[in-house]
Asker: 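Sharing a structure here in structure tokens format.
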Amino acid sequence: MKRLLFLAAFLLTTATLAAQNCIVVNSEKVFKSLDAYNTAIESLDRLAEQYQAQVDAKFAEVETLYNNYMYQKASLSAATRQNRENDILAKEQEAARFQESIFGQEGSLMKKRVELIEPIQKQVFAAIDAYARQIGAAIVIDSANNPRLLYADPAYDRTQQIIEALKK
């Protein structure tokens, strides 16, 4: 009796899952198909290069101070050595804070990234949502960079339809 109930429950679950409409979308491919996204990424890359040059300059200054200190260390008094070491450490900490203010989670680059990319993400996810509702999809799976998605039948891939909907 238990086996019969278990078999009936299994068949009912399988039939329910089979009736679900599931689609696969590669969001990375969708994003890369949008000129606005590509322009935003290029802009962020240029900004990151500029910021990195500024950070590198600050750390190069610290390195120069340190190298000069090491060259002169033998001829300096103990008090002067301590002052120079403190100055070098302070400059290094300042450079690290500067780097964090630019590249950190709350840094300038992240804020700019949110400013440029978030509206595009909202547009793409709204298009995916609208398309899924239009065709009655119960589940949308994103196949972009997902190591857990081991197989996706191309018949369920709706990436191109999302790209076309965004270009209308």
Side-chain angles (χ1 to χ4, degrees), residues 1-63 92-168:
M1 185 68 168
K2 284 184 182 181
R3 285 185 179 169
L4 185 61
L5 286 175
F6 178 72
L7 181 61
F10 177 74
L11 290 176
L12 182 61
T13 303
T14 304
T16 304
L17 288 176
Q20 297 294 322
N21 188 1
C22 178
I23 63 172
V24 176
V25 175
N26 183 334
S27 64
E28 182 178 344
K29 186 175 178 181
V30 172
F31 283 117
K32 287 182 178 181
S33 75
L34 300 174
D35 291 337
Y37 179 79
N38 292 324
T39 301
I41 292 298
E42 289 170 8
S43 174
L44 287 169
D45 288 345
R46 284 191 306 273
L47 189 60
E49 287 175 13
Q50 292 170 1
Y51 283 153
Q52 188 61 51
Q54 294 172 358
V55 168
D56 290 346
K58 290 205 177 276
F59 279 106
E61 183 182 337
V62 171
E63 188 174 350
E92 187 174 31
Q93 290 171 349
E94 179 185 324
R97 281 192 300 273
F98 179 72
Q99 183 178 28
E100 182 66 24
S101 75
I102 291 175
F103 293 110
Q105 290 294 324
E106 300 295 322
S108 305
L109 189 62
M110 184 59 73
K111 289 176 184 174
K112 190 66 170 177
R113 179 176 207 72
V114 168
E115 176 188 323
L116 294 176
I117 301 295
E118 191 171 305
I120 299 167
Q121 285 178 324
K122 286 181 180 179
Q123 179 188 12
V124 168
F125 294 137
I128 292 170
D129 183 66
Y131 181 79
R133 289 177 190 275
Q134 175 188 344
I135 66 164
I139 299 170
V140 177
I141 299 172
D142 187 359
S143 65
N145 299 323
N146 188 348
R148 301 232 188 260
L149 182 62
L150 300 177
Y151 173 75
D153 186 341
Y156 291 101
D157 189 339
R158 299 295 189 261
T159 303
Q160 193 58 42
Q161 288 85 346
I162 300 297
I163 291 170
E164 290 168 8
L166 281 166
K167 292 189 176 185
K168 288 181 183 177

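Each residue takes its place number in the sequence, starting with 1.
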Asker: Can you tell me how far the CD atom of Glu61 sits from the CD atom of Glu94, to the nearest 0.5 Å?
Answerer: 7.5 Å
Asker: With sequence neighbours left out, write down each residue that passes salt bridge (charged side-chain N to carboxylate O under 4.0 Å, His left out) with Lys167, or none if nothing qualifies.
Answerer: none
Asker: Verify side chain to side chain contact (heavy atoms under 4.5 Å, CB included) between Arg113 and Ile41, making sure each step is shown before the conclusion.
Answerer: CA-CA 8 Å; Arg113 179 176 207 72; Ile41 292 298; 4.0 Å; yes
Asker: Might you point out which heavy atoms bring Gln105 and Met110 nearest each other, and give the distance in Å?
Answerer: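 Smallest heavy-atom distance, with atoms named: O-CG, 3.3 Å.
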Asker: How long is the span from the CD atom in Glu106 to the NZ atom in Lys111, to the nearest 0.5 Å?
Answerer: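 Reported to 0.5 Å precision, the distance equals 6.5 Å.
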Asker: Checking Asn26 now: which residues fulfil side-chain hydrogen bond (donor to acceptor under 3.5 Å, both in side chains) with it, not counting sequence neighbours?
Answerer: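 Counting only residues at least two positions away or on another chain, Asn26 forms no side-chain hydrogen bond (donor to acceptor under 3.5 Å, both in side chains).
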Asker: For the residue pair Val30 and Gln160, establish whether any side-chain heavy-atom pair is separated by less than 4.5 Å.
Answerer: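 Contact flag for Val30/Gln160 side chains = no.
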Asker: By salt bridge (charged side-chain N to carboxylate O under 4.0 Å, His left out), which residues pair with Glu63, not counting sequence neighbours?
Answerer: none
Asker: Please collect all salt bridge (charged side-chain N to carboxylate O under 4.0 Å, His left out) contacts where either partner lies in residues 126-137, sequence neighbours excluded, each pair once.
Answerer: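 Listed once each, the pairs are Asp129-Arg133.
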Asker: Can you name the residues that form a side-chain hydrogen bond (donor to acceptor under 3.5 Å, both in side chains) with Glu115, not counting sequence neighbours?
Answerer: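 For Glu115 the side-chain hydrogen bond (donor to acceptor under 3.5 Å, both in side chains) partners, ignoring immediate neighbours, are Lys112.
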Asker: Go through the structure and list residues passing side chain to side chain contact (heavy atoms under 4.5 Å, CB included) with Ala40, not counting sequence neighbours.
Answerer: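 Once residues adjacent in sequence are excluded, the partners of Ala40 under the side chain to side chain contact (heavy atoms under 4.5 Å, CB included) criterion are Leu116, Ile117, Ile120.
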Asker: Under the side-chain hydrogen bond (donor to acceptor under 3.5 Å, both in side chains) rule, collect the residues that match up with Lys32, sequence neighbours excluded.
Answerer: Glu28
Asker: Show every donor-acceptor pair shorter than 3.5 Å between a side-chain atom in residues 42-60 and any protein atom, with sequence neighbours excluded, or say none if there are none.
Answerer:
unit_1, atom_1, unit_2, atom_2, d
Gln52, NE2, Asp56, OD1, 2.8

Asker: Going from OG on Ser101 to CG on Leu109, what distance comes out if it is rounded to the nearest 0.5 angstrom?
Answerer: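 Atom-to-atom, Ser101:OG and Leu109:CG are 11.0 Å apart.
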Asker: Nearest 0.5 angstrom please: Ile23 CD1 to Ile135 CD1, how far?
Answerer: 4.5 Å
Asker: Would you mind reporting whether Ile128 and Tyr131 have side-chain heavy atoms less than 4.5 Å apart?
Answerer: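 No - every pair of side-chain heavy atoms lies 4.5 Å or more apart.
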Asker: Which residues satisfy the ring pair (Phe, Tyr, Trp, His ring centres under 6.0 Å) test with Phe98, sequence neighbours excluded?
Answerer: none
Asker: Hey, could you give me the CD1/CZ distance between Ile162 and Phe31, rounded to the nearest 0.5 Å?
Answerer: 11.5 Å
Asker: Of all residues at least two apart in sequence or in a different chain, which pass the side-chain hydrogen bond (donor to acceptor under 3.5 Å, both in side chains) check with Ser33?
Answerer: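 Counting only residues at least two positions away or on another chain, Ser33 forms no side-chain hydrogen bond (donor to acceptor under 3.5 Å, both in side chains).
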